[in-house]
Amino acid sequence: MEEEYIRVINITVIGVISWGLIFILVRRIFSNYSFDFSTRIVSTLHATVAVVLATLTIQDWSCPVYPIASTSSLQQMETMAFSLSYMIYDLICSHFDQVLSIDNAVHHSVCILGFVAGLCYRKCASEMVAAIWITEISSPVLHLREILKEIGYRDTDLNLAADVCFATIFSLARMVGGPYLVYVTMAADNPILIKAMALGLQLVSAFWFYKILKMMRYKIMRRSMPNTKSD
């Protein structure tokens with residue numbers, strides 16, 4: 001067990017450093033673009049790999065969250081450590097941006113606390129890996145929306161298609177899969193802190209869902225109005 005914790009710590013520390021180096025490299029390659037542009041590319045890379053790793057840990061496709069409230073496997077702990085390293089890096093990186101997003105900082109803090117709690121308890125990894133899948137599945141399209149705007153595709157059909165795709169994936173994952181995962185986590189014999197983290201993450205998701213609905217309503221209304229000036 002001690003060797004497993006050492007491996008998790010190594011993955012986390014090396015991961016934080018690696019994400020920082022990847023960001024520096026991306027920033028140099030895309031130096032003509034904004035700070036946010038580079039962070040979104042790194043975030044897309046993490047989300048893609050995290051979803052693949054989370055998918056590979058599924059033991060029973062008839063019930064992806066199985067086994068519930070069980071002892072974490074090494075593969076599940078490695079997957080959590082991988083995403084934990086990214087969350088720590090991104091929380092640090094966000095302080096170097098010109099605008100600090102409070103809701104994003106809260107989300108990252110909740111995730112970091114949840115990962116640390118899950119790794120320390122060495123329990124409920126099935127639920128936590130499922131949470132990684134649910135929260136990250138929509139991230140690539142989320143970042144694609146903003147990347148398209150920066151490279152000159154703002155207010156185009158392509159950008160609107162990315163908006164609709166993101167809103168759909170986010171809504172299905174966070175507002176359908178999310179509540180089910182919260183129910184499973186709350187009903188199982190999980191530590192109270194893990195249950196609190198699950199509920200907190202779902203509340204954050206609900207807040208973002210509200211903002212996405214407002215965004216899509218604004219986008220659709222603006223597209224339906226002729227001669228609307230872009231912002």
Inset, instruction - Could you walk me through whether Tyr33 and Ile151 pass the side-chain contact (heavy atoms from CB on, under 4.5 Å) test, one step at a time? - result: CA-CA 8 Å; Tyr33 293 95; Ile151 63 177; 3.9 Å; yes

Which heavy-atom pair separates [X] from [Y] by the least distance, and what is that distance?
X	Y	result
Ser171	Ala167	OG-O, 2.6 Å
Val182	Ala198	CG2-O, 3.6 Å
Ser72	Met80	OG-CE, 4.4 Å
Glu127	Ala188	OE2-CB, 4.4 Å
His46	Ser83	NE2-OG, 3.1 Å
Ala173	Ile134	O-CG2, 3.3 Å

Report the distance from atom [atom1] of [X] to atom [atom2] of [Y], rounding to the nearest 0.5 Å.
X	Y	atom1	atom2	value
Glu78	Leu84	CD	CG	13.5 Å
Phe23	Thr39	CZ	OG1	6.5 Å
Gln59	Ser73	CD	OG	6.0 Å
Ile24	Arg27	CD1	CZ	11.5 Å
Leu148	His143	CG	NE2	13.0 Å
Thr79	Leu56	OG1	CG	8.0 Å

Answer yes if [X] and [Y] sit in the same cluster of Ile, Leu, Val, Met, Phe, Trp and Tyr residues linked by side chain heavy atoms under 4.5 Å apart, and no otherwise.
X	Y	value
Ile194	Leu181	no
Ile132	Tyr121	yes
Val51	Leu144	no
Trp208	Met216	yes
Val129	Tyr5	yes

Inset, instruction - Could you tell me which residues satisfy ring-ring contact (aromatic ring centres under 6.0 Å, His included) with His108, sequence neighbours excluded, listed by chain and number? - result: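 Partners of His108 by the ring-ring contact (aromatic ring centres under 6.0 Å, His included) criterion come out as none, since no residue qualifies.
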
Inset, instruction - Anything under 30° is parallel, anything over 60° is perpendicular, the rest tilted; go ahead and classify Phe170 against Phe209. - result: parallel

Inset, instruction - Assert yes or no for the condition that the ring centre distance of Tyr89 to Tyr86 is strictly below 6.0 Å. - result: yes

Inset, instruction - Take Cys111 and Leu201, measure what side-chain contact (heavy atoms from CB on, under 4.5 Å) needs, and give me the verdict at the end. - result: CA-CA 8 Å; Cys111 288; Leu201 189 60; 4.1 Å; yes

Validation row: [X], [Y] side chains within 4.5 angstrom (heavy atoms):
X	Y	result
Thr57	Leu53	no
Lys214	Lys219	no
Glu146	Phe37	no
Trp133	Pro64	no
Ser85	Ile14	no
Thr156	Asn159	yes
Trp19	Leu45	yes
Tyr153	Ile147	no

Inset, instruction - Dump the intermediate steps for side-chain contact (heavy atoms from CB on, under 4.5 Å) on Ser109 and Leu91, then the final yes or no. - result: CA-CA 8 Å; Ser109 299; Leu91 185 61; 4.3 Å; yes

Inset, instruction - Examine distances only and state if a side-chain atom of Arg174 and a backbone atom of Thr135 form a donor-acceptor pair shorter than 3.5 Å. - result: yes

Inset, instruction - Taking Lys149 for its side chain and Arg154 for its backbone only, find out whether a donor-acceptor pair lies under 3.5 Å. - result: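 No, Lys149 side chain to Arg154 backbone: no donor-acceptor pair under 3.5 Å.
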
Inset, instruction - Decide side-chain contact (heavy atoms from CB on, under 4.5 Å) for Lys123 and Ser70; before the verdict, give the C-alpha distance in whole Å, the side-chain angles of both, and the deciding distance to 0.1 Å. - result: CA-CA 6 Å; Lys123 195 176 180 182; Ser70 60; over 6 Å; no

Legend entry - Arg7/Glu4 ion pair, N-O < 4.0 Å: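 No, no charged N to carboxylate O under 4.0 Å.
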
Inset, instruction - Each residue besides Ile9 in its hydrophobic cluster should be listed here, by chain and number; the cluster joins Ile, Leu, Val, Met, Phe, Trp and Tyr at side-chain heavy-atom distances under 4.5 Å. - result: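 Besides Ile9, the hydrophobic cluster comprises Val13, Ile17, Leu21, listed by chain and residue number.
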
Legend entry - By side-chain hydrogen bond (donor to acceptor under 3.5 Å, both in side chains) - contacts of Glu136 (at least two apart): Ser139

